[in-house]
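I have placed the structure first, in the form of C-alpha cells, so that the comments after it can refer back to it.
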Amino acid sequence: MTKAPFFLLFMLFCAGFSSPGRDGGFPGRPDGFTAGSHWVFFTDKQEGGFDPYDFFDPKAIDRRLRHGQSLIDPVDFPVTRQYLDAVAQLVDSSDVVSRWLNAVHVYAGPEVVKKLQSLPFVDRVETAHGMMRLAAHSTGGEVEGQWRDGVTGSADPDEGGISPEQIESLRQQIGHMQGQYFHEHGLNGAGFRIAVLDAGFPGVDKHPAFEHLRRDNRIIATWDFHRNRPDVYRFSDHGTMVLSMIAGQMDGHMMGLATGAEFLLARTEIWREPYVEEKYWLAAVEWADRMGADIINSSLGYSYHRYFTEDMDGKTSLVAQAARIAARKGILVVNSAGNEGENERWRIVITPADVDSVLTIGAVEYPSMLRTSYSSVGPRPDKTIKPNLVSMGNVLLAKESGLANSRGTSFSAPLVAGFAACLWQKFPAFSNMQLFEVLERSGSLYPYYDLSHGYGVPQAGFFFENPAFRSAPTFDLSRQGEGLAVTIRHNPRNGPEGENGERFLFYHITDPEGIIEQYFVLRVDQPEVVVIDTSRFVPGQRVMVHFEGYTASRTF
C-alpha cells in the first residue's frame, strides 16, 4: 500500500470567547475579510472575586490539592473585562481569550494593530499564523470486520465481529508494552480523567468499540472549540481512532489499556482557517484543566508551517507555553513526536512535543521495536531527551464506521496515555512528574536512550516483577588497540527485545557535556558486533551500549 499522510491542524482553550456564526465565521466579517490574525497580550490582571470552587470541576480542585498547589493562582484569574471591552471596540472581531497567557485572539488590520500597541494595558501584539498537522499516516481503507450499528457481533467478519488476525493485532498492541500485567491486576485507568484534543469524533456515539464508555457515562464533557458547541461527533474521525487507542475494546479484546477511564473530548482542528489553529489548542488545554483532566493526549503539532527548527526549544510556541503551564497544574501531557522523520528539511519533533515536561512519544515497527521511518527524532544541541518513549505506530483501530489498520505517532501516543492512566491508578499518590519519571524508567532501553527511541517502549512488567534481569550482562566492553570492542556473551536473552528472531544492539556517543553526538542501531549476527574508534575522543566523552536488557558505558 502507498503511504498517504494526511494533514490537519492543532488547538487551544480559554475562560471565555465570543460566539461564532453558524457557519463557523464571526458576526460582522464580510466575504473577502482580510484582517490579520493576532494575539493581544495584556500587562496585568485586575484581581477580584475569583472563586476556585465555583470555577473548577471538583476533580480539578482535587488534582491541585493532591499536588500541593494553591487554589488561588493569578494565572487562573480571568482576563480583565475592561481590557477585553476596550480591545473589542477597535478590532474587527475577537474569539479565544486565554486566562493562562492573559491574552485575546483578534482579527484586525495594520492600523488597528498600531492602536492596540499604544494602549497602556497592552504588553504586545503578535501575529498568529500556523498550521497544525495530525500525526497519522493512513494505510488505506477499512479492513474486514465491519461493525453493525449497535451490534458487536461475533469473531466472524461477515457477522460484524473481529477476525482471528485482528485479535492477534490487538494482542500485539497490548503485549508489546506488557499491558496484560495491568489487565491481570484489575488496572484500567478507573478514577482518572483523560482529555483527548483532536479533529473530531464521529462514530464515538455509536461504535461498539466505545459502548462501555457510553453505558457507564464516562464521556464527561465534549466541546467543539471552532463552532462553540458541545457536538463533536462529526468531521474527521482522527479523534475517533486516537480514542480507540486509549480505551477502545471489541468483543472483549482491548485496543487500548485505559478502558475504565473517564474522558473529555475536544474538537480543535478545522480546515476553514488553517493558519490560526494554535488558539484552539490553547483553549482546549485550559478547558481540560478546568474540567479536571489528569492526562491530556494530543496527537497533533506544529512544525514548518509556522516555525523554524530552532524554535523547537520547548518555550517559543504558544502551545509549548500552554503545555508547560498544564504540567505545572499537575496534568500529564502526552504528545505525539510527529511524522517528520522523512522530511529532510525538518525531521525533528514538533511543538508542543518539544517541551521538557511533555511526555513525547515516537513510533516503532513491530516486532523489531525500531523507529519507523516517519517518526520524528529529537532535536540537538538541547540535552532534553526527545522522544521520551516509543510504542507501536502501526495499529488496528476503530474508525467512524468500522475497523482499520493505520499508522503514525498519532497512535503511539494514545497507547502510552492509556498505559500512564493504568500506572497512575496503581500509584495514585504520584505527582504527574513522578509518573513521568517512572514511565521513562520502565522503558525497554533504560538507562540507555537515543534521539530516535528515547528510553524505549514502556514495560508494565517493570512494576510487577523484579527488574533485576536488566543487570545481567549480555555483552562485554574491552579495549582493542585505540578502539572499544563490543562482544556478545553466549547467554540466554534476558531483555524484552527480539520477538522476531532478530537481535539489535544500541549505542551512542556523548560529548563532555552529555549531549549525544552520534547513535547507532546494529543488527547482531556475530559475537563481535563493533569496534568503536575512540582514537580522537577527548576527556569526558562517553560511550553507552545497550543489548537485550543490559546497559554499560565507558567514559574517556
Side-chain angles (χ1 to χ4, degrees), residues 172 175-181 362-372 377-378 385 387-392 419 437-510 514 516-534 537 541-556:
Q172 295 167 1
H176 85 291
M177 300 183 296
Q178 300 180 340
Q180 63 273 13
Y181 280 95
V364 291
E365 300 281 0
Y366 182 88
S368 71
M369 296 297 106
L370 300 183
R371 182 183 74 90
T372 62
V377 299
I385 296 171
N388 303 93
L389 294 166
V390 290
S391 70
M392 282 177 59
F419 185 106
E437 181 181 355
V438 297
L439 282 164
E440 288 186 325
R441 290 183 61 195
S442 77
S444 58
L445 302 179
Y446 189 89
Y448 175 86
Y449 61 91
D450 63 35
L451 302 182
S452 288
H453 306 91
Y455 289 112
V457 178
Q459 300 290 290
F462 176 81
F463 304 100
F464 297 93
E465 295 181 342
N466 184 349
F469 70 83
R470 298 190 180 197
S471 64
T474 57
F475 61 89
D476 294 302
L477 299 178
S478 60
R479 294 307 302 261
Q480 189 175 111
E482 293 188 319
L484 181 68
V486 183
T487 306
I488 302 301
R489 292 190 177 189
H490 294 283
N491 58 348
R493 300 179 187 182
N494 59 1
E497 300 114 25
E499 287 193 40
N500 63 338
E502 294 183 300
R503 311 173 79 180
F504 298 98
L505 180 140
F506 301 75
Y507 78 91
H508 73 221
I509 300 170
T510 57
I516 291 180
E517 294 182 324
Q518 294 178 299
Y519 60 96
F520 304 87
V521 179
L522 304 177
R523 181 177 285 104
V524 174
D525 52 17
Q526 58 187 7
E528 186 172 278
V529 182
V530 63
V531 177
I532 303 168
D533 183 6
T534 61
F537 276 25
Q541 279 192 277
R542 185 177 70 160
V543 174
M544 179 177 281
V545 183
H546 175 90
F547 180 62
E548 293 184 352
Y550 177 68
T551 300
S553 62
R554 289 288 177 86
T555 302
F556 293 82

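What you are looking at is a predicted structure, and each value in this text was computed from that prediction instead of being measured. Starting from 1, each residue takes its place in the sequence as its number.
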Derivation and outcome, side-chain contact (heavy atoms from CB on, under 4.5 Å), residues Phe504 and Arg523: CA-CA 5 Å; Phe504 298 98; Arg523 181 177 285 104; 4.1 Å; yes

Ring center gap for Phe463 and Tyr181 short of 6.0 angstrom: no

Side-chain heavy-atom pair Arg489, Pro473 within 4.5 angstrom cut-off: yes

His453 side-chain N/O to Arg371 backbone N/O, donor-acceptor pair under 3.5 Å: yes

Test log, rule side-chain contact (heavy atoms from CB on, under 4.5 Å), inputs Val543 and Ile509: CA-CA 5 Å; Val543 174; Ile509 300 170; 4.2 Å; yes

Spacing of Arg503 atom CZ and Ile488 atom CD1 [to the nearest 0.5 Å]: 7.0 Å

Where Thr551 and Tyr446 come nearest, the two heavy atoms and their spacing: OG1-O, 4.2 Å

Nearest heavy-atom neighbours spanning Ser553 and Met544: CB-CA, 3.9 Å

Pairing residues for Tyr449 by the ring-ring contact (aromatic ring centres under 6.0 Å, His included) criterion, not counting sequence neighbours: Tyr455, His508

Nearest atoms (heavy-atom pairs only) where Pro387 meets Ile385: O-CG2, 3.6 Å

Partners passing side chain to side chain donor-acceptor pair (under 3.5 Å) against Gln541 (at least two apart in sequence or in another chain): Glu517

From CD (Gln518) to OG1 (Thr510), nearest 0.5 Å: 11.5 Å

Side-chain donor or acceptor of Arg554 paired with backbone N/O of Leu477 under 3.5 Å: yes

Nearest-0.5 Å distance, CD of residue Gln172 to OH of residue Tyr366: 4.5 Å

Donor-acceptor contact below 3.5 Å, side chain Ser442 vs main chain Pro458: no

Residues Val530, Tyr507; criterion side-chain contact (heavy atoms from CB on, under 4.5 Å); working and verdict: CA-CA 10 Å; Val530 63; Tyr507 78 91; 4.2 Å; yes

Shortest non-hydrogen separation from Ser391 to His176 and the atoms involved: CB-NE2, 3.4 Å

Separation between CZ of Arg542 and CZ of Phe537, rounded to the nearest 0.5 Å: 11.5 Å

Inter-residue atom distance Glu528.CD - Phe475.CZ, 0.5 Å rounding: 14.0 Å

Thr372 side chain to Val364 backbone, donor-acceptor under 3.5 Å: no

For Phe419 against Met177, the heavy-atom pair lying closest together: CE1-O, 3.5 Å

Asp450 CG to Leu445 CG distance, which is reported to the nearest 0.5 Å: 7.0 Å

Step-by-step side-chain contact (heavy atoms from CB on, under 4.5 Å) determination, Leu439 to Asn388: CA-CA 9 Å; Leu439 282 164; Asn388 303 93; over 6 Å; no

Nearest non-hydrogen partners of Gly483 and Thr534, listed with the distance: CA-OG1, 3.8 Å

Whether Thr474 side chain and Phe547 backbone form a donor-acceptor pair below 3.5 Å: yes

Sidechain-backbone polar pair: Gln178 side chain, Gly461 backbone, donor-acceptor under 3.5 Å: yes

